[in-house]
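Following: one structure in structure tokens, then a few remarks.
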Amino acid sequence: MAGGGQLVVRTREVPGAVVLDLIDTGCGIEPDVQAKMFEAFYSTKPAGSGLGLPTAKKIIEAHGGRINVESEVGRGTKISIALPTPPRLGAARTAEASITS
């Protein structure tokens, strides 16, 4: 966000997963760039390698997760990273629910 703006980092729980949302009020991402942003060696930066987002996506998917991008030019971008709830946390939630019921 070259001209400044706001970045919101939020976590939330959904059935079977935890989600990290990164939401900004930046300039947004053009649709043609969104279509290519996870391709290896694609970059919009003069000195960029084009490996950052493709590598991040592979790591997220290797852990059973997914990444989603929503963006509107002139309004901002929301990137959501969902990772499966670890079994030990899922079991803790179930035990906690049975104790409080």
### Heavy-atom pair with the smallest gap, counting every atom of T85 and A17
OG1-N, 3.0 Å
### Message
Could you report the tightest heavy-atom contact between S71 and G76, atom names first, then the distance?
### Response
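Result for this residue pair: OG-O, 3.2 Å.
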Report the distance from atom [atom1] of [X] to atom [atom2] of [Y], rounding to the nearest 0.5 Å.
X   : Y   : atom1 : atom2 : answer
I60 : I81 : CD1   : CD1   : 4.0 Å
Q34 : T77 : CD    : OG1   : 7.0 Å
F38 : E61 : CZ    : CD    : 9.0 Å
K78 : D24 : NZ    : CG    : 12.5 Å
K36 : E30 : NZ    : CD    : 12.0 Å
E39 : L53 : CD    : CG    : 11.5 Å

Is there a path of hydrophobic side-chain contacts, each under 4.5 Å between heavy atoms of I/L/V/M/F/W/Y residues, joining [Y] to [X]?
X   : Y   : value
L7  : L20 : yes
V18 : I23 : no
L83 : V69 : yes

### Message
Please determine whether the number of non-hydrogen atoms from other residues, nucleotides or ligands lying under 6.0 Å from atom CZ of R12 exceeds 12.
### Response
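Buried by this count: over 12 neighbours within 6.0 Å.
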#### Entry: Modelled atom types, side-chain donor and acceptor of D21 and S80, under 3.5 Å
yes
### Task
Compare all side-chain heavy atoms of M37 with those of I29 and state whether any distance is below 4.5 angstrom.
yes
### Query
Please walk me through it: do N68 and I79 pass side chain to side chain contact (heavy atoms under 4.5 Å, CB included)?
CA-CA 6 Å; N68 183 57; I79 297 178; over 6 Å; no
### Task
Take V19 and T11 through the side chain to side chain contact (heavy atoms under 4.5 Å, CB included) test and state the conclusion after the steps.
CA-CA 6 Å; V19 181; T11 58; over 6 Å; no
